[in-house]
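Read the structure below first, then the notes.
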Amino acid sequence: MKSGAMKSGVAVVGGGWAGCAAALTLAEAGVAVTLFEASRTLGGRARAVELEGQRLDNGQHILLGAYEQTLQLIARLQPATTHEGLWRLPLTLDQPPDFSLACPRLPAPLHLLAGLLGARGLNWREKLAAARWAHGLLNNTDTPDHLSVGQLTRSQPEKLNRLLWHPLCVSALNTPPDMASAKVFHDMIRAAFGGRTHHSDLLLPRRDLTALFPAPAAARVIELGGEVRLPCRVTTLEAATDAVTVGTRDGSAAYSHVILAVAPQHLTGLAVAIPQLGPVLHGVAAYAYQPIATAYVQYDPAFRLHKPLFALTDGPAQFVFDRGQSHGQPGLLALVASAATNLSADWVDQAAAQLQRIARPGPPRWREHIVEKQATYACVPNMARPAVRTAHPRIFLAGDYTAGPYPATLESATLSGVQSARALLEQL
């Protein structure tokens, strides 16, 4: 790209799930699009990495059946994904030996209520309390913005909060219950259990996260005449009334419009020279962030868990995934610690001890861990989340932090990418 070269198309800055969804939507609408990604791997904060000679992920992700936008995009690019790319499981939450919840195939929300009433590890008083509370939550459409999940659940027995509601909060919002937004948690519960039965299904990726959507989306963009530039970091952004100039180490070019699909913590560095984005930058500057830690532990390839996923209690990790069952990597387990702000140096040892309560895998052959220090924003009450449209008519936003019903999830990312692209298309 030569300095000062003029482009009539659209630039998408950021090759995560939001940016790839935006670029794909534009390319399929016939728009010339250039996708910029700073790293060598597409996917952003949900991407493939390589450890010990294996292609793994920087963190484990579970999709819900309610994530219709993400599932539509994946299925459109990989028609056989139901069988090959994603593994669909009815919702179960197994925490041996303390607790087990399984939702039968009944119409929603009866499947949740039946699951709660049949849960193992709860007495009848606790089961009835859980069912009544969930029924009330699903029928209530208004949760005040200022409440935390801790306040929302304070009427529930301590055991229910410890084994069910609070672990769900941490895994869905990546924010501790006393800090997490009750409204967003309420919206997640309604999305999963208040619609159709399959909306609460768990879908486990069978491929690495980059191969699941970002890579095929980029390939489709190229097939349609677009350009994908990686590794290519955008360093400057200059906005005029008739164009936006994107600068990289190799030069600069002007585009008719730009979609900024970077994480909110990187937005200020790009857009500081654009006064119309001042209010957005001021809002995201107040965000706090939460880490997610993942420990990969390789055991004997003959070892496997009884199920592909188990919940863990009384330790730093909330879940363990058997990647032998989901990804064809025998004996490889992934232990995940969400909202992992105070992990001790021996947290992997502690997580391995949690695993010992449900299985005896033997000595590990190797283990590695990844900590995404700013995996998601802290999803707190009264959080200001910007719209995809900005005060500058040629600049749009995409990312899991933009306004929407979900916290920082893959669905939030893809929804915002598609919405941003569609809003842009209205101007062309």
Side-chain angles (χ1 to χ4, degrees), residues 62 64-67 91 93 95 98-99 101 103 108-117 119 121-195 199-200 202 286-290 292 311 313-314 318-319 337-342 375-385 400-401 403-409 411-412:
I62 303 174
L64 287 178
Y67 290 177
L91 177 70
L93 187 62
Q95 299 177 346
D98 301 315
F99 179 70
L101 168 70
C103 291
L110 292 178
H111 68 318
L112 173 62
L113 302 179
L116 290 170
L117 292 174
L122 302 177
N123 61 37
W124 275 107
R125 182 183 66 84
E126 292 162 339
K127 292 178 181 181
L128 289 173
R132 287 170 179 161
W133 186 82
H135 183 264
L137 200 66
L138 292 171
N139 284 279
N140 176 22
T141 59
D142 185 27
T143 295
D145 288 341
H146 67 275
L147 287 183
S148 70
V149 173
Q151 292 170 318
L152 181 70
T153 59
R154 62 187 173 190
S155 65
Q156 288 287 278
E158 184 277 335
K159 188 175 184 180
L160 277 171
N161 285 333
R162 178 171 57 85
L163 295 177
L164 180 58
W165 304 126
H166 289 180
L168 285 178
C169 167
V170 171
S171 61
L173 278 63
N174 193 37
T175 307
D178 289 340
M179 294 172 51
S181 167
K183 180 174 176 56
V184 176
F185 182 68
H186 182 185
D187 290 343
M188 287 290 296
I189 295 295
R190 284 177 56 85
F193 299 106
H199 285 172
S200 63
L202 304 179
Y287 287 11
Y289 295 90
Q290 291 283 329
I292 297 177
T313 57
D314 301 324
Q318 291 87 35
F319 289 98
S338 298
T341 52
N342 296 305
T376 70
Y377 54 82
C379 190
V380 297
N382 293 316
M383 186 174 182
R385 295 171 65 177
D400 57 17
Y401 68 99
Y406 297 109
T409 60
E411 180 71 355
S412 286

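Everything numeric in this text was worked out from a predicted model, so none of it was measured. In what follows, residues are counted from 1 in the order of the sequence shown. Side-chain atoms are counted along with the backbone in the values below, which use heavy atoms only and exclude waters and symmetry mates.
Across all non-hydrogen atoms, the minimal contact from G150 to H166 is CA-NE2, 4.4 Å. Closest approach of A311 to L93, counting heavy atoms only: CB-CD1, 3.8 Å. Taking every heavy atom of both residues into account, P177 and V170 meet most closely at CD-CG2, 3.9 Å. Scanning all heavy atoms of the two residues, the minimum distance from A384 to Y287 falls at O-OH, 2.6 Å. Closest heavy-atom contact between L113 and A131: CD2-O, 3.5 Å. Of all heavy-atom pairs spanning A130 and W165, the tightest one is O-CZ2, 4.1 Å.
Between the side chain of H146 and the backbone N or O of P381, no donor-acceptor pair lies under 3.5 Å. No side-chain donor-acceptor contact under 3.5 Å links R162 to the backbone of P167. Within the 3.5 Å criterion, the main-chain N or O of H199 finds no donor-acceptor partner in the side chain of Y67. Of the possible polar contacts, none joining the T153 side chain to the Q156 backbone as a donor-acceptor pair under 3.5 Å is found. Side-chain atoms of K183 do not come within 3.5 Å of backbone N or O of D142 as any donor-acceptor pair. A side-chain donor-acceptor contact under 3.5 Å links Q318 to the backbone of S338. Checking side-chain atoms of N140 against main-chain N and O of G136 turns up no donor-acceptor pair under 3.5 Å. No donor-acceptor pair under 3.5 Å is formed between the side chain of T143 and the backbone N or O of A182. Without hydrogens or angle criteria, Q95 side chain to L163 main chain gives a donor-acceptor distance under 3.5 Å.
No side-chain heavy atom of F99 sits less than 4.5 Å from a side-chain heavy atom of K159. Residues L168 and F185 meet the side-chain proximity criterion, which asks for heavy atoms closer than 4.5 Å. At a threshold of 4.5 Å between non-hydrogen side-chain atoms, the residues P109 and L138 count as touching. Residues S412 and R385 have side chains in contact (heavy-atom distance under 4.5 Å, counting atoms from C-beta outward). No side-chain heavy atom of M383 sits less than 4.5 Å from a side-chain heavy atom of S181. Side chains of T141 and R190 form a contact here, defined as non-hydrogen atoms less than 4.5 Å apart.
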Check against side-chain contact (heavy atoms from CB on, under 4.5 Å), L128 and L116:
CA-CA 8 Å; L128 289 173; L116 290 170; over 6 Å; no
Could you walk me through whether E411 and L64 pass the side-chain contact (heavy atoms from CB on, under 4.5 Å) test, one step at a time?
CA-CA 9 Å; E411 180 71 355; L64 287 178; over 6 Å; no
Does N174 form a side-chain hydrogen bond (donor to acceptor under 3.5 Å, both in side chains) with T376? I'd like the steps, not just the answer.
CA-CA 7 Å; N174 193 37; T376 70; 2.9 Å; yes
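Separation of atoms OH (Y406) and CE (M188) is listed at 7.0 Å; rounding is to 0.5 Å. How far CE of M179 is from CG of L173: 11.0 Å, rounded to the nearest 0.5 Å. In this structure, the separation between SG on C103 and CG on L110 is 11.0 Å, given to the nearest 0.5 Å. Taking CG of L122 as the start and CG of L117 as the end, the distance is 10.0 Å to the nearest 0.5 Å. Taking NZ from K127 and CG from L101, the interatomic distance works out to 10.5 Å, rounded to the nearest 0.5 Å. Atoms CG and OG1, from D400 and T409 in turn, are 7.0 Å apart once rounded to the nearest 0.5 Å.
Taking a 6.0 Å sphere around CG of N342, one finds it holds 12 or fewer heavy atoms contributed by other residues, nucleotides or ligands.
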